[in-house]
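Lettering follows sequence order; numbering is per chain, from 1.
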Amino acid sequence: MLFTNYNTKKKIIALVDCNSFYVSCERLFNPKISQSPVVVLSNNDGCVIARSAEAKKIGIKMGEPYFKIKNIVTINNVQVFSSNYALYGDISRRIMTILKNLFPIIEYYSIDEAFLDLSNMSIKNMNNFIIDIKKTIYQNTGIPVSIGVGSNKTLSKIANHLAKKNIEGVVDLTKLTQEEINNILKNIDIEDVWGVGRQLSNLYKKNKINNAYELKYSSSSWIKKNTNVFGLKTVMELNGASCITLETSEKKKRKSCCVSKSFGNKVESFEELKEAVVTHCLNAAEKIREDEQLVKSVIVFIRTSPFDKHLFLSRSEKIDLAISTDDSMILSRACVDALKKIFAKGYRYQKAGVVFLGLVNNNEYGQNLFVDKNSQKSNSLMKAIDSMNVKFGRNSLTLADSGVGHCWKMRRDHSSKIDTSHFDFLPTVKSG
DNA sequence: TCTGGGGTCCTAGGACCC
DNA sequence: TCTGGGGTCCTAGGACCC
């Protein structure tokens, strides 16, 4: 007989997810809109990326282009905001800090979600316990959250999906019987299962797998043959196994870094494209320097709008650097070289971007025979630029190639302009 | 007129080696 | 001379997530 030292103790995983996060952040500083329908738009005021419950109710869909819903917005007096990622990032850090202090085993899954491992805690009443977490976050930040608990990540996602719909805002699946869980899974549409996107849900529906219950009891050999290991893991987790582990490392470092933006107005000239590409390159360079990483190769891509039926163009060029670097000068030179190779006249470009690949820690790259003596000088120059930009705002100190006019820059017609680092935005409290 | 941005991971297929 | 086949590594593209 084969013995393994698997920890067979049942896992307890909680997923904390902020409700309509970007909307909730805007409401924090604007309590007057706490009952109104509110939406937050993507960069360039392009699409709807967050909706309040009221906005959902009047039929505004996730990802819908803003220009298509302008009528609904006017008729229903919907409050519209351009996205303010500096604000959302700041509120997110506050919430994650609270959670980290309470629960050391935590995965920061996204800007508004975290997985907690509660397996080793002695919790008498799970429902009361997670209601307390919810209250603590609300009291300290003003952001409402939902919490779902299950025996693995996939089931905690499903629990959270249900928690969003009930009044308490929390759901615990760990005390339920198999039959009770199955009845719940029968009411979860296949496309609402974590890890099942558009392609997979089409495939599943064609094969008569329409809900989470049917996926749970589908043939694993069929799943293995027709999907990938992720598909299989999802099925196993629906069956209660724990296959997708928590990524709990303090700071997950990037493996790649991409900065890309659509233009506020279409761009045709090489000069303007160059300005945009260099600006994106400098922003990406600042990000990877903050994480103390070096870049092995860069990709530059440009494209016209996919909705523009005439003259569609999408091109990219990759350049491998001789030596991994974090030097803005070298990186932007490489980006401009790449752009020269792919630029074509006569197109109305809608988007440009820069991707850094092969990121490594800069201390892993210490002693290179070919690192020239100027690199130390450049190092201190980069540090100086970064600290100036932290002090005076992004792009305040930059390279001449990144331009100064920026007529291609983003549209943000609905910004709340809230800046949590500024005294003007401290809320006023009146007493007596 | 106007349709987001930033990530991760997996797989197939090519190049190369022995 | 033997020109098959297995292994590894890399990359582009696709799918997924929020």
Side-chain angles (χ1 to χ4, degrees), chain A residues 15-22 39-51 61-71 73 80-85 88-89 92 107-115 153-154 157 160-161 190-204 224-234 244-245 247 252-266 280 283-284 287-288 291 296-297 299 301 303-309 312 314-318 320 348 350-359 410-414:
Chain A
L15 173 64
V16 181
D17 186 330
C18 303
N19 300 345
S20 312
F21 182 55
Y22 298 167
V39 296
V40 175
L41 304 178
S42 63
N43 281 334
N44 258 320
D45 297 341
C47 297
V48 173
I49 50 168
R51 307 159 296 158
K61 301 263 181 321
M62 185 69 172
E64 212 162 5
Y66 176 51
F67 73 91
K68 284 189 180 172
I69 59 157
K70 273 187 177 160
N71 245 337
V73 166
V80 178
F81 292 90
S82 302
S83 39
N84 179 350
Y85 289 105
Y88 313 148
S92 171
E107 173 183 341
Y108 309 117
Y109 180 62
S110 76
I111 192 163
D112 70 334
E113 283 174 77
F115 288 103
K153 283 171 136 181
T154 304
K157 271 274 181 187
N160 200 290
H161 182 77
I190 192 69
E191 59 265 30
D192 290 333
V193 175
W194 187 49
V196 179
R198 221 178 50 226
Q199 300 299 321
L200 269 185
S201 74
N202 282 342
L203 172 75
Y204 288 151
K224 209 189 262 175
K225 208 163 102 190
N226 291 279
T227 75
N228 57 23
V229 295
F230 272 155
L232 205 55
K233 280 184 178 178
T234 303
I244 309 170
T245 49
E247 303 283 331
K252 273 187 280 178
K253 288 214 178 175
R254 290 186 193 88
K255 291 168 183 166
S256 66
C257 178
C258 170
V259 173
S260 75
K261 299 259 177 323
S262 301
F263 303 126
N265 298 302
K266 300 278 189 296
H280 297 339
N283 287 339
K287 286 189 186 183
I288 60 109
D291 280 357
K296 182 72 193 106
S297 46
I299 294 175
F301 65 87
R303 64 149 218 235
T304 60
S305 168
F307 299 96
D308 197 348
K309 294 286 180 291
F312 177 70
S314 172
R315 284 184 169 173
S316 69
E317 175 71 21
K318 183 173 165 212
D320 290 317
R348 299 172 70 232
Q350 180 247 2
K351 185 173 188 173
V354 168
V355 188
F356 290 169
L357 296 174
L359 302 185
M410 284 199 294
R411 266 199 310 279
R412 286 180 84 200
D413 295 337
H414 304 277

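Within 6.0 Å of the CG atom in Asn71(A), the count of heavy atoms belonging to other residues, nucleotides or ligands does not exceed 12.
Residue Ile49(A) has its side chain nearest to dG4(B) when only dT3(B), dG4(B), dG6(B) are considered. Considering only side-chain atoms of Gln199(A), the nucleotide from dA15(C), dC18(C), dG6(B) that sits closest is dA15(C). The side chain of Arg198(A) sits closest to dC16(C) out of dG4(B), dC16(C), dT8(B).
Each of Cys258(A) and Tyr66(A) was matched to the nucleotide of DNA chain B holding its nearest heavy atom; the match closer to the 5' end belongs to Tyr66(A). Comparing Ser260(A) and Arg411(A), the nucleotide of DNA chain B nearest to each residue sits closer to the 5' end for Arg411(A).
The CE atom of Met62(A) sits 10 Å away from the P atom of dC18(C) (whole-angstrom rounding). Between the OH atom of Tyr85(A) and the C1' atom of dG5(B) there is a distance of 7 Å, given to the nearest Å. Summarising the geometry, the separation between NZ on Lys287(A) and C1' on dG6(B) is reported as 7 Å, rounded to the nearest angstrom. Atom pair Asn43(A):CG and dC18(C):P shows a separation of 19 Å (rounding to whole Å applied). Residue Lys68(A) contributes atom NZ, which lies 14 Å from atom C1' of dT1(B) at whole-angstrom precision. Rounded to an integer number of Å, the gap from Trp194(A) CH2 to dC18(C) C1' is 11 Å. Atom CD1 in Ile288(A) sits roughly 16 Å away from atom C1' in dG6(B) (whole-Å rounding). Protein atom NZ of Lys261(A) is 17 Å distant from nucleotide atom C1' of dT3(B), rounded to whole Å.
Between Ser256(A) and dG6(B) there is no side-chain N or O to OP1 or OP2 distance below 4.0 Å. Residue Gln350(A) places at least one side-chain N or O closer than 4.0 Å to OP1 or OP2 of dG4(B). Regarding contacts with the backbone of dT3(B), every side-chain N or O of Ser262(A) stays at 4.0 angstrom or more from both OP1 and OP2.
Across dC2(B) and dC18(C), the matching C1' atoms stand 24 Å from one another, rounded to whole Å.
Remark: ring of Phe307(A) overlaps the six-membered base ring of dT3(B) in a stacked fashion, centroids less than 5.5 Å apart, planes less than 30° apart.
Not one N or O on the side chain of Asn43(A) forms a donor-acceptor pair closer than 3.5 Å with the backbone of Gly46(A). The backbone N or O of His414(A) sits less than 3.5 Å from a side-chain atom of Ser82(A), completing a donor-acceptor pair.
A salt bridge does not link Asp45(A) to Arg412(A): none of the charged side-chain nitrogens sits closer than 4.0 Å to a carboxylate oxygen. The residues Arg198(A) and Glu191(A) are annotated as not salt-bridged, no charged nitrogen and carboxylate oxygen being separated by less than 4.0 angstrom. Salt bridge present: Lys157(A) and Glu113(A) bring a charged side-chain N and a carboxylate O closer than 4.0 Å. Between Asp308(A) and Arg348(A) there is a salt bridge, since a side-chain N of the basic residue sits under 4.0 Å from a carboxylate O of the acidic one.
Between Tyr88(A) and Ser83(A) there is a side-chain heavy-atom pair separated by less than 4.5 Å.
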N/O to N/O distances under 3.5 Å, protein versus nucleotides 11-14 of chain B:
none

- [ ] Would you write the dot-bracket representation of DNA chain C, where each base gets (, ), [, ], | or . depending on whether it forms a Watson-Crick or G-U pair under 3.5 Å and with which partner?
- [x] ....||||||||||||||

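Aromatic ring centroids of His280(A) and Phe356(A) lie 6.0 Å or more apart. Tyr22(A) and Phe81(A) have their aromatic ring centers separated by at least 6.0 angstrom.
Within 4.0 Å of Asp112(A), counting heavy atoms only, lie sugar-phosphate atoms of the nucleic acid but no base atom. Residue contacts shown for Lys157(A) are limited to sugar-phosphate atoms, with no base heavy atom under 4.0 Å away. Lys266(A) comes within contact range of the sugar-phosphate backbone alone, with a heavy-atom separation under 4.0 Å but no base atom that close. Residue Leu41(A) is out of contact with every strand shown, counting any heavy-atom pair closer than 4.0 Å.
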Open item on the list: Please evaluate residues Lys351(A) and Ser260(A) with respect to the criterion side chain to side chain contact (heavy atoms under 4.5 Å, CB included), reporting the C-alpha separation (whole Å), side-chain torsions for both, the decisive distance (0.1 Å), and the verdict.
Closed with: CA-CA 7 Å; Lys351(A) 185 173 188 173; Ser260(A) 75; 3.5 Å; yes

